[in-house]
Each structure stands twice: as C-alpha cells, then as structure tokens.
Amino acid sequence: MQKSLRLGAFLLISVLAVSCDSSPVEDPGEDEGPYPSLSRRATFPVGVALQARHLNIPAYTSVLEHAFNSITAEYEMKARTIWQGPGRYNWTAPDRLVSYAEGQDMRVHGHALVWHSSTPDFIQNFSGTDEEFEGLVRDYITAVVSRYKGRIASWDVVNEAFADGSGLIRNSPFRRYMGTDFVTRCFEYARAADPDLLLFYNDYGTIWDQRKREAMFSMIDDFLARGVPIDGIGLQMHISHDWPSMTQMRQTVDGIVERGLRVHISELDIKINRHGDLEAPTDERLESQKRRVQDIVSMFRQIPEHLQHGITFWGLRDPDSWLINFEGRPEWALLFDENYDPKPAYFGFLEAL
Ligand code: G3I
C-alpha cells in the first residue's frame, strides 16, 4: 500500500477521531496527528499483540505506527506455527513481522519459545526417548533464537509452566520427558544461542493465585541462586476493570523488582463485561476502565526505569480481542474501538504519563 494512500487513511481516521470521539482530545503536539502518541510520551516501550494479516490493513497500521513502538506476535512466533517437524520450520509469518518492525523502528518481543498450549502435534504426541525429546527442544530453541539474534531483543522462553491453584509444574510433554526442571534447561539453551538476549518467564495468575505466585518466586530465587540465566518476568494481566486489586498487583511487581528483574506487563486487556451484564459499553464502565489503565501506568512508572520492559496490550481494537471468542460474550477490553478511535482508556494512559 503506497504511503500516500496510507496517509489518506490516517487523515480520514484523524478527522473521524476528532469529530466523533467522546473523550476530550488532549492537545497533541503539532506533529502528533489527531491525538497524542503513547509511544512518544512514554519513557518505556508501549506495545500491542498483532497478527501478520493486520499488516495488510492501512487503518490498522496507521494507528499502530502512530501510537505504539513495540509488537508481540499474538500466535505466529509460537512453536505450533513455526515448528513443522524435526529440523523443519516455517519462518514466513515471523520473518514478515520482524521485517515490518525493523522498518518501523519498533521493538519485537518474542512470544513464546515453549508453551504447552502451542506445541506441534509431533511434540504433543511424542513417543521417543527423553534424550531424543530434549534434543528436539534444544534444537528448536537454538534455531529460533539464532535466526532472530540481534533482531529480537527479548523472548518469553517459557510461558505458563505452573498449574492453576497448585503452583506445581503442569503435566505437559516438557515435564514428562525433560522433568520438572525443564524450565531451567530451556533458559540455558536460549542463553547459549544468544548471549545478549533478554530471557523472560511469562505467566498469568501470578497476581491473584497465591500458590502460582509463590511457585514463580521460588523458581526465580532458585535460578538466581544457581546462576540460571533470567532477565525478566511477563505478567500477562488479563484483568477486569474492577479485579484484581491494585494492592495485589503491586505486591507481585514489587517482588519482581526486589529480585532485580525486568517487568513486562505482557498481555494487558481490561474486561468491562466479565459478568456478561452489558450488550454495549457504558460510559460508567469505560470510565472505570480508564481509571484502571491510569492506575496500572502509574504503578509501572514507579518501577526503576532500567527494569521497565514495557506495557503490551493484547490486541489493538476491541473486536480484535481473543476474549470475545474465549468468553463467548461481548467485550470491550482494549484501547481502541471498532472504528479505530481511541477510547477513554487511551487518554487515561496518557494522563498517567
Ligand atoms: O488465522 C488462522 C486462520 O487463518 C485459520 O483458518 C484458523 C484455523 O486454523 O486459525 C487462525 O489462527 C488462530 C489464531 O489464534 C488467530 O485467530 C490459531 O488457530 C489460534 O491457535 C490462535 O489462538 C491464539 C492462542 O493464544 C493460541 O496461540 C490467540 O489468538 C491468542 O490471543 C492466544 O494468546 C494467549 C497467549 O499466547 C498466552 N496467554 C494467553 C493468551 C490468550 O489465550
């Protein structure tokens, strides 16, 4: 899509945003377009999870390039997409996303090398020896990290290793064939492939699930004591406008910071319809969502700057959210509405900067 057409699309959106946006449009800088840019105003990366198909939509990329400076692949950098078989990989979508980001001077946060929910069938149904399995995993991590060395600055090495409610290592092929210590070896393989890569552990529930939270901190302390390489923690933060409490969030964030690790709010979305009582967003719930974003950004800014890995939203527009299918009901959990207009929550983010 040539630049002039995309510029036209952006200008059209700009006019619509100014004319029909219900929130007061803060005075953007003269070169900032119709509303201020989050990434220009924030002192930390502000990201969004997307799919390669979104890069074909000028209205999408115009907003993405205006407001954000970091991307995470929503699913196309996971093993189920890349890993076709032993030593066989499909790089098409990851290559496109990384090349796009480089062209836009955006950061790419890699998600996710090892995740029990996104493994290819030949791994899910593996029947060889422990050594053969571990060799495959080692070769996969090495291949992916090496391909994007110097282009992807950070990876979620392992995602969601702990079971809900127990804090035990989930029953997965990785635990069955590599043992409960598989997380350690995955981090060591990633480090061996790229000495400069920032290695993250990513999970949900480590704010409200006490046993999972304790298990994560116990693993981190063990890593730090043994010299196992780890640089940061991803808090997914699939939350609601009224749950969990900011106190619970701060406790987990403080625990990460105390251990000298980077904090990535890695998959932020903020439900306003978790009880299914809405057929359309109300001003009251949108304002509550805005206040929650303000509180989260204010909390994040209190982290020492060198440990602020960034805030990434799990989607751009409300209709893009995984939640709608997952929850099976209407939801408006993100910063932009279906018309690519910024919602009150977007301005809440700005006001907290
Ligand atoms: O785009 C293809 C489509 O072309 C194809 O016809 C269809 C059927 O195969 O699949 C479509 O891709 C799907 C993709 O979402 C886009 O909708 C994948 O199958 C599906 O697996 C993928 O689901 C993603 C899921 O992770 C599993 O990778 C969700 O988008 C994504 O939001 C979700 O994200 C996870 C995080 O990685 C980890 N934390 C939880 C979060 C929500 O589950």
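First listed ligand is number 1; within each ligand, the first listed atom is number 1.
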K.L.:
With side chains defined as the heavy atoms from C-beta onward, is the minimum distance between Leu316 and Phe68 less than 4.5 Å?
P.N.:
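Answer yes - side chains close enough.
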
K.L.:
Any protein heavy-atom neighbour for atom 27 (C) of ligand 1 (distance below 4.0 angstrom)?
P.N.:
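Within 4.0 Å: yes, protein heavy atom nearby.
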
K.L.:
Below 4.0 angstrom, counting only protein heavy atoms, does anything approach atom 12 (O) of ligand 1?
P.N.:
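So far as the 4.0 Å threshold goes, atom 12 (O) of ligand 1 is in reach of a protein heavy atom.
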
K.L.:
Within the 4.0 Å heavy-atom shell around Gln236, which atoms of ligand 1 are there?
P.N.:
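The atoms of ligand 1 under 4.0 Å from a heavy atom of Gln236 are 38 (C), 39 (N), 40 (C).
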
K.L.:
Quick one: does atom 8 (C) of ligand 1 have a protein heavy atom under 4.0 Å from it?
P.N.:
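Given the 4.0 Å limit, the answer for atom 8 (C) of ligand 1 is no, no protein heavy atom qualifies.
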
K.L.:
Taking the non-hydrogen atoms of Phe326, is any one of them nearer than 4.0 angstrom to ligand 1?
P.N.:
no

K.L.:
Gln51 heavy atoms, cut-off 4.0 Å: which ligand 1 atoms fall inside?
P.N.:
16 (C)

K.L.:
Under 6.0 Å between the ring centres of Tyr60 and His54?
P.N.:
yes

K.L.:
Out of all atoms in ligand 1, which are within 4.0 Å of some heavy atom of Asn159? Include the element for each.
P.N.:
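Those qualifying, in numeric order: 38 (C).
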
K.L.:
Taking only heavy atoms of Lys78 into account, list the atoms of ligand 1 that are under 4.0 Å away from them.
P.N.:
25 (C), 26 (O), 27 (C), 28 (O), 33 (C), 34 (O), 35 (C), 36 (C), 37 (O)

K.L.:
Is there at least one pair of N or O atoms, one from Glu267 and one from ligand 1, spaced under 3.5 Å apart?
P.N.:
yes

K.L.:
Going by heavy atoms in the side chains, are Ile71 and Gln104 under 4.5 Å from each other?
P.N.:
no

K.L.:
Give the atoms of ligand 1, by number and element, whose distance to some non-hydrogen atom of Glu160 is under 4.0 Å.
P.N.:
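The atoms of ligand 1 under 4.0 Å from a heavy atom of Glu160 are 38 (C), 39 (N), 40 (C).
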
K.L.:
Is any heavy atom of the protein nearer than 4.0 Å to atom 23 (O) of ligand 1?
P.N.:
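No, because not a single protein heavy atom sits under 4.0 Å from atom 23 (O) of ligand 1.
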
K.L.:
Checking side-chain contact (heavy atoms from CB on, under 4.5 Å) between Glu331 and each of Leu278, Ile272, Asn325, which is the one that passes?
P.N.:
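Of all the options given, the one that passes is Ile272.
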
K.L.:
Which class fits the ring pair Phe349 and Phe313: parallel under 30°, tilted 30 to 60°, perpendicular over 60°?
P.N.:
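Because their plane-to-plane angle lies in the 30° to 60° range, the rings of Phe349 and Phe313 count as tilted.
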
K.L.:
Distance below 4.0 Å between atom 3 (C) of ligand 1 and any protein heavy atom?
P.N.:
no

K.L.:
Could a heavy atom of His111 be found less than 4.0 Å from some atom of ligand 1?
P.N.:
yes

K.L.:
Would you say the ring centers of His111 and Phe200 fall short of 6.0 Å from each other?
P.N.:
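Judged by ring-centre distance (under 6.0 Å), His111 and Phe200 do not meet the cut-off.
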
K.L.:
If you measure from atom 42 (C) of ligand 1 to every heavy atom of Tyr75, Trp322, Tyr204, which option wins on shortest distance?
P.N.:
Trp322

K.L.:
Establish whether atom 20 (C) of ligand 1 and some protein heavy atom are separated by less than 4.0 angstrom.
P.N.:
no

K.L.:
Taking the side chain as everything from C-beta on, heavy atoms only, tell me whether Glu134 gets closer than 4.5 Å to Tyr177.
P.N.:
no

K.L.:
Under the 6.0 Å and 45° cation-pi test, does Arg317 pair with Tyr340?
P.N.:
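Checked: cation-pi criterion met.
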
K.L.:
With Val263, which of Val257, Ile233, Ile311 fulfils side-chain contact (heavy atoms from CB on, under 4.5 Å)?
P.N.:
Val257

K.L.:
To the nearest 0.1 Å, how far is atom 34 (O) of ligand 1 from its closest protein heavy atom, and which atom is that?
P.N.:
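It is Trp314 NE1, 3.2 Å.
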
K.L.:
What is the closest protein heavy atom to atom 30 (O) of ligand 1, and at what distance does it sit?
P.N.:
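Protein heavy atom with the smallest distance to atom 30 (O) of ligand 1: Glu74 OE2, 3.3 Å.
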
K.L.:
Do Ile296 and Met246 make a side-chain contact, defined as non-hydrogen atoms from C-beta onward lying under 4.5 Å apart?
P.N.:
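When only atoms from C-beta onward are counted, Met246 and Ile296 do touch, with a gap below 4.5 Å.
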
K.L.:
Would you call the rings of Tyr140 and Tyr89 parallel, tilted or perpendicular, taking 30° and 60° as the class edges?
P.N.:
tilted

